[in-house]
Colleague: 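Input: one structure, supplied below.
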2 protein chains.
Amino acid sequence: MNQPIQGAPPPSVIAIKSSCANCSMHQLCLPMGLDNADLDRLDKIIGRRRRLARDERLYQMGEPFRNLYAIRFGHFKTFQVNPSGGLQITGFQMAGELLGMDAISGDRHHCDAVALEDSEVCEIPFSRLEDLFGEVPTLLRHFHRLMSQEITREQNVMLSLGNMRAEQRFAVFLINLSARYAARGYSPDSFQLRMSREDIGNYLGLTIESISRLLSRFKNQGWLKIDKREVTLLDPAILKAMAAGTAQCSPMA
Amino acid sequence: MNQPIQGAPPPSVIAIKSSCANCSMHQLCLPMGLDNADLDRLDKIIGRRRRLARDERLYQMGEPFRNLYAIRFGHFKTFQVNPSGGLQITGFQMAGELLGMDAISGDRHHCDAVALEDSEVCEIPFSRLEDLFGEVPTLLRHFHRLMSQEITREQNVMLSLGNMRAEQRFAVFLINLSARYAARGYSPDSFQLRMSREDIGNYLGLTIESISRLLSRFKNQGWLKIDKREVTLLDPAILKAMAAGTAQCSPMA
DNA sequence: CGCGCACTTGAGTTCGTTCAATCGGGGTGG
DNA sequence: CCACCCCGATTGAACGAACTCAAGTGCGCG
């Protein structure tokens, strides 16, 4: 139950001398808003940094829950598996975001997390984090905000899956990525998709073929350029309008 | 911005001498696992009980966030509204469950909560609850579990919306209600649907007609009885199998 | 009794899927 | 260096599950 799983190489463990204060993500991540003293206390409990190769698994459903993980760099996907084998990607996570919050209830992970590219995470022992909550109210506050953010994020996905047509879901997806890259200081209009078409389709409740057709349609409309996984949004305004539901695409053009 | 909204009567405010200790839900609700002394401290911060009539709104998207609400009795639905007017029900809540956790980030409510029947909630001022967290670690722990539970609940909905056919979604829905009533000491096989077919359809990403047809189909298969909103599960096993994806319904029978 | 509302049922349509063929780039081995 | 293969992606054609539109039912309430 506890040993490495089905042939996946044990994740490399590297002791890197690095701190939250040095981390470029500390304004988005768990330590947001902490003063130097508190930053230090948080640093002290961070277990270790873990490097993961593309497709390597950070944790798996059913594993006992001990740590949260803050992404230092790289991208992840999280997914749930059906009793009958069906798989649903529940999110794509990027640097500064927290993994594992769904495992707090139940003491076991409720989904799998897999690296979409070579990535690094900070391991945060949850019991030690809990100890710290009593001493650093600012930290607790921000932690609650992060959990709550995750709840609203998922509500938005539900809205998309339950209520929107394919093209609108896809526009929402692109605009969401764009905004998150913008928040990290990257271009909002030009970025790499770190996930396959298949992953996108699964996440949005569509097939890979549908994603491919949507990309072609948006490209033919002149709304974006797409070269392999490199996207350039040529008309972010109309994509935003589609995401908001105030514009729609002609069936074909 | 702060006054009562579009004709909804101001919610009745009643000062009832009641406590968590007396509440039949205290084993499921926020006070779970607290000893009497801590129960008392929690009691002291509970603002007031609020009664809501059917269709009355507890809070609305955009309203400033001050309180969480614990449901004493009754049922609620929460829903999000699209910029373009589209509406997605994100959950149905029953006694012992907590409302408002999505509002912690952002300080404003991100969805609306409406009573499905005459109901009563406990108002929990969040800032006072935060104060208490420092003093009652057990309370904080359980609060984290509740938030985490909400995250996993929503992941399950995403799985259902993104991955399952109509009949499976509906089976999941029924089995989920059944389990929650069972946890509250009610019959798992016979209960009232507190929400309309339309609400169910919206929640499951289906139309009201589809829900109606599914009910008829399940009835014709002899798997349940349905009389208005009174459901009796006649073959919970096969419904569970359908929910798990290990059985499926013939198109018509 | 008659109106309104929630629900049911039927018939035709549509959006996205399924199935299948093809493309194209990157890696491997002859 | 080229031939070959593999895999992810694209494109086309036909299908089907769920939707839309429309008519009908039944119950509650004034």
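So that the names make sense, note that chain A is the first sequence line, chain B the second, and so on, each numbered from 1. These numbers were taken from a predicted model, which means no experiment stands behind them.
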Colleague: Separation of A/Leu206 atom CG from C/dT17 atom C1', in whole Å?
Modeller: 10 Å

Colleague: Checking all strands, does A/Gly205 fall into the base, sugar-phosphate, or nothing category for heavy-atom contacts under 4.0 angstrom?
Modeller: sugar-phosphate

Colleague: Tell me the bend of the helix from C/dC1-D/dG30 to C/dG30-D/dC1 as the angle between end helix axes, each from five pairs, rounded to the nearest 10 degrees.
Modeller: 20°

Colleague: Could you encode protein contacts along nucleotides 20-30 of chain D as a string, one character per nucleotide from 5' to 3', using B for base contact, S for sugar-phosphate-only contact and - for no contact, with a heavy-atom cut-off of under 4.0 Å?
Modeller: BBB----S---

Colleague: For a quick check of understanding: with a heavy-atom distance under 4.0 Å over all strands, which category does B/Ile211 fall into, base, sugar-phosphate or nothing?
Modeller: nothing

Colleague: When you check the gap from the basic side-chain N to the acidic O, do B/Glu97 and B/Arg184 get nearer than 4.0 Å?
Modeller: yes

Colleague: Take the protein atom CE of B/Met195 and the nucleotide atom C1' of C/dA6, then report the distance between them rounded to whole Å.
Modeller: 15 Å

Colleague: Ignoring backbone atoms, test whether A/Ser212 places a side-chain nitrogen or oxygen under 4.0 Å from the OP1 or OP2 oxygen of D/dT11.
Modeller: no

Colleague: Pair up each side-chain donor or acceptor in residues 83-95 of chain A with any protein partner under 3.5 Å, not counting sequence neighbours, and list the distances.
Modeller:
unit_1: A/Ser84; atom_1: OG; unit_2: B/Ala244; atom_2: O; d: 3.4
unit_1: A/Gln88; atom_1: OE1; unit_2: B/Asn163; atom_2: ND2; d: 2.8
unit_1: A/Gln88; atom_1: NE2; unit_2: A/Asn202; atom_2: O; d: 3.3
unit_1: A/Gln88; atom_1: NE2; unit_2: A/Tyr203; atom_2: O; d: 3.4
unit_1: A/Thr90; atom_1: OG1; unit_2: A/Thr78; atom_2: O; d: 3.2
unit_1: A/Thr90; atom_1: OG1; unit_2: A/Thr78; atom_2: OG1; d: 3.1
unit_1: A/Gln93; atom_1: NE2; unit_2: A/Thr78; atom_2: OG1; d: 3.0

Colleague: With a 4.0 Å cut-off, would you call A/Glu117 and A/Arg194 a salt bridge?
Modeller: yes

Colleague: Let me know the distance between CG of B/Asp55 and P of C/dA6, rounded to the nearest Å.
Modeller: 9 Å

Colleague: Starting at atom CE of B/Met164, determine the distance to atom P of D/dA17, rounded to an integer number of angstrom.
Modeller: 18 Å

Colleague: Supply the atom-to-atom distance A/Ile211 CD1 to A/Phe173 CZ, rounded to the nearest 0.5 angstrom.
Modeller: 7.5 Å

Colleague: CZ of A/Arg229 versus P of C/dG24: gap in Å, rounded?
Modeller: 19 Å

Colleague: What's the separation between atom CG in A/Leu193 and atom CG in A/Leu215, rounded to the nearest 0.5 Å?
Modeller: 7.5 Å

Colleague: Let me see the working for A/Tyr69 and A/Phe76 under ring pair (Phe, Tyr, Trp, His ring centres under 6.0 Å), right down to the final yes or no.
Modeller: CA-CA 11 Å; A/Tyr69 300 94; A/Phe76 286 79; 8.5 Å; no

Colleague: Rounded to whole Å, how long is the line connecting atom CZ of A/Arg197 with atom C1' of D/dT11?
Modeller: 14 Å

